[in-house]
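One structure is given here, and the rest of the page talks about it.
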Protein chains: 2
Amino acid sequence: MGIEHKTRTQLVAEAIREKILSGEIKAGEPLRQAALAEELNVSRIPVREALLQLEAEGLVNFEAHKGATATMLSADQIDEIFDLRALLEAELLRHSIVNLTPRDLLEAEAILYDLEEATAAGDTQLATGKLNAEFHVKLYSKANRPQTAELVAMYGKNSERYVRMHILLAGGIKTAPEEHRTLLEFCKTKDINAACDFLKKHITGAKDDIKQLLVKMEQSQ
Amino acid sequence: MGIEHKTRTQLVAEAIREKILSGEIKAGEPLRQAALAEELNVSRIPVREALLQLEAEGLVNFEAHKGATATMLSADQIDEIFDLRALLEAELLRHSIVNLTPRDLLEAEAILYDLEEATAAGDTQLATGKLNAEFHVKLYSKANRPQTAELVAMYGKNSERYVRMHILLAGGIKTAPEEHRTLLEFCKTKDINAACDFLKKHITGAKDDIKQLLVKMEQSQ
DNA sequence: CAATATTAAATTGTATACAATATTAAATAT
DNA sequence: ATATTTAATATTGTATACAATTTAATATTG
């Protein structure tokens, strides 16, 4: 049982990803291979490979001979990504919901409990971040649709920095806390169509909230 | 206006991609960096970078220290990919259909004409391949959903080898030729729901056809 | 002989060095 | 002075060389 040995490329990818998601590297900013290599104490090879990976994740644009830049998502692109998420997550839920066991639903409720507590405590970072994701993942956990799940994860990561930014600037997403409970209720009663429709609205609502801010930012430039 | 200069990585990616799609490299087969490098007269660096790109496209699995293999899609995975395609292509069509001009529809009809001619001439390769794709792309052309379109293109590429294989082994997909014409008709009358529902069935039908063959192949192993 | 440990070979991962391209600065011409 | 060329610099792309890891083969032990 040897310890997992991470390759430099993977470590570099994680480092750069976090820099982008945290906003330390701003959208549009060029990512110089040599600079990153020196900063992270590696050669340019793993930096290049990490950048290629991040491009696949949609976090980076890599143009031959020109170099890489952190992707800059326009309001339109955010719009599309959230629509895709709504579509794909509803599809996951549709397949998962019939397989959700009572235990799954209780576990989801447990997460929801923490989430509501975090909300009450004013920790929007935690509530709209980690716990929110955990709750959704739990509901999708029995979908048995690995490729769809991977897509959802990718777009989730891609949205993450905008959600974070929104939390920072607007103090959280105004998603009503009871929305999650409503969704869970539909899952319990196995009301597939109601659950999926509600989920779509839930995601689209978050989108509208974020987009409003983004449009304002685009105008103020 | 300098000529477009392709990087070795891009050329290598194209070469390997075609090898996989054509079946020259079979699913599951390991892709040795050194061998590919020598064969293509480059160093291992562009080979590695090409393999990373192909992994992002879903054609290759790249495991650290173990190496890359051509992805092997199970019947289940094929199933899921075609479901995703149905979902995403319907979404594209939904957004495109209202913007399709009479000219767009005539161009689609022109492609359809060629397609039907190819079918009549027995050229299923052309009919289910290039022309079929062209027809679909035309219908989606006014969706204004670049990221969704990119996903659709990716999954299209991913399905391609199985479609090709199916054409080879079963002499084409049994998609009724009139299905395309029905779809076009719904687009002309701007009957969005009918068009999208029909498109989903159209894609799912192709899936069932291919999956049947795949299940048989998996059993015979 | 089977199972495990050890060594050797193959293969991948990464650093360094150099080549190709793009960007910027300087020089020249209009 | 402005526009266009030319040279210098910065940056990316790729080959080579070496290090790390895995896989295969061999040796060792119970």
Side-chain angles (χ1 to χ4, degrees), chain A residues 1-20 24-72 150, chain B residues 1-20 24-72 221:
Chain A
M1 289 291 112
I3 198 127
E4 275 305 325
H5 206 84
K6 276 190 180 170
T7 158
R8 293 202 209 300
T9 297
Q10 291 170 310
L11 293 171
V12 170
E14 283 170 22
I16 301 177
R17 187 185 298 119
E18 184 51 30
K19 275 178 195 292
I20 294 176
E24 184 182 332
I25 294 176
K26 271 174 269 182
E29 195 170 323
L31 301 164
R32 298 291 163 216
Q33 296 170 12
L36 288 167
E38 192 179 17
E39 181 186 337
L40 300 169
N41 272 303
V42 296
S43 81
R44 275 175 46 230
I45 299 287
V47 171
R48 286 179 60 81
E49 297 194 350
L51 289 173
L52 285 173
Q53 257 188 249
L54 293 171
E55 189 191 34
E57 294 174 23
L59 293 175
V60 154
N61 265 51
F62 201 129
E63 218 172 335
H65 298 293
K66 302 282 183 66
T69 54
T71 49
M72 160 100 80
E150 199 185 326
Chain B
M1 294 290 111
I3 198 133
E4 275 306 322
H5 205 83
K6 275 190 182 170
T7 159
R8 293 198 211 295
T9 297
Q10 291 170 311
L11 293 171
V12 170
E14 283 171 23
I16 300 178
R17 186 185 298 117
E18 184 51 31
K19 275 179 196 291
I20 294 176
E24 184 184 333
I25 294 177
K26 271 172 269 179
E29 193 169 324
L31 301 164
R32 298 288 163 217
Q33 297 171 11
L36 288 166
E38 191 179 19
E39 180 185 338
L40 300 167
N41 271 304
V42 296
S43 81
R44 273 172 49 225
I45 300 288
V47 171
R48 284 179 60 82
E49 297 194 351
L51 289 174
L52 285 172
Q53 257 188 248
L54 294 171
E55 188 190 34
E57 294 174 24
L59 293 176
V60 155
N61 265 52
F62 201 128
E63 218 172 335
H65 298 293
K66 303 284 183 68
T69 53
T71 50
M72 160 102 78
Q221 270 173 17

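Chain letters run A, B, ... following the sequence lines, proteins first, then strands; residues in each count from 1.
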Around atom CD of A/E38, are there more than 12 heavy atoms of other residues, nucleotides or ligands at under 6.0 Å?
no
Expressed as a whole number of angstroms, how long is the span from B/E63:CD to C/dT11:P?
16 Å
Closest to the side chain of A/K66, out of C/dT14, C/dA22, D/dT22, is C/dA22
Looking at B/Q33, does any N or O in its side chain come under 4.0 Å of the phosphate oxygens OP1/OP2 on C/dG13?
yes
Looking at the side chain of A/A64, which of D/dG13, C/dT12, C/dA15 is the nearest nucleotide?
D/dG13
Ignoring backbone atoms, establish whether B/H65 has a side-chain N or O less than 4.0 Å from OP1 or OP2 of C/dT11.
no
Between C/dG13, C/dT21, C/dT16, which nucleotide gets closest to the side-chain atoms of A/S43?
C/dT16
Between B/T9 and D/dT14, does any side-chain N or O lie under 4.0 Å from OP1 or OP2?
yes
More than 12 non-hydrogen atoms from neighbouring residues, nucleotides or ligands closer than 6.0 Å to CD on B/E29, yes or no?
yes
Verify, without hydrogens or angle tests, whether B/T71 (side chain) and B/L59 (backbone) share a donor-acceptor contact under 3.5 angstrom.
yes
For B/L40 and D/dT14, give me the distance from atom CG to atom C1', rounded to whole Å.
14 Å
Which part of the nucleic acid, if any, lies within contact of A/R32, taking any heavy atom under 4.0 Å across all strands shown: a base, the sugar-phosphate backbone alone, or nothing?
sugar-phosphate
Please name the residue in the list B/T69, B/I25, B/L54 that meets the side chain to side chain contact (heavy atoms under 4.5 Å, CB included) test with B/V60.
B/L54
If you check the A/R44 side chain, which of D/dT11, C/dG13, D/dT14 turns out closest?
D/dT14
Tell me the partner of C/dA25, counting only Watson-Crick (N1-N3 plus N6-O4 or O6-N4) or G-U wobble (N1-O2 and O6-N3) with both under 3.5 Å; none if nothing fits.
D/dT6
Tell me: NZ of B/K6 to C1' of C/dA22, nearest whole Å?
20 Å
Taking the side chain as everything from C-beta on, heavy atoms only, tell me whether B/I45 gets closer than 4.5 Å to B/E49.
yes
Rounded to whole Å, how long is the line connecting atom CD of B/E55 with atom C1' of C/dT12?
14 Å
Would you kindly give the CG-to-C1' distance between B/L52 and C/dT14, to the nearest whole Å?
13 Å
A/I45 has a side chain; which of C/dT12, D/dG13, C/dT16 sits nearest to it?
C/dT16
In whole Å, what is the span from the CD atom of A/Q53 to the C1' atom of C/dG13?
13 Å
Shortest side-chain distance from B/T7, nucleotide among D/dG13, C/dT12, D/dA15
D/dG13
Once you round it to whole Å, what is the distance between P of C/dT14 and CD of A/E38?
19 Å
Test log, rule side-chain contact (heavy atoms from CB on, under 4.5 Å), inputs A/K19 and A/E39
CA-CA 13 Å; A/K19 275 178 195 292; A/E39 181 186 337; 2.7 Å; yes
Nearest-nucleotide comparison on DNA chain C, the residue closer to the 5′ end among A/Q10 and B/R8:
A/Q10
Nearest-Å distance for atom pair CZ/P, residues A/R48 and C/dT16:
17 Å
Nucleotide opposite D/dT29 in a Watson-Crick or G-U pair, distances under 3.5 Å:
C/dA2
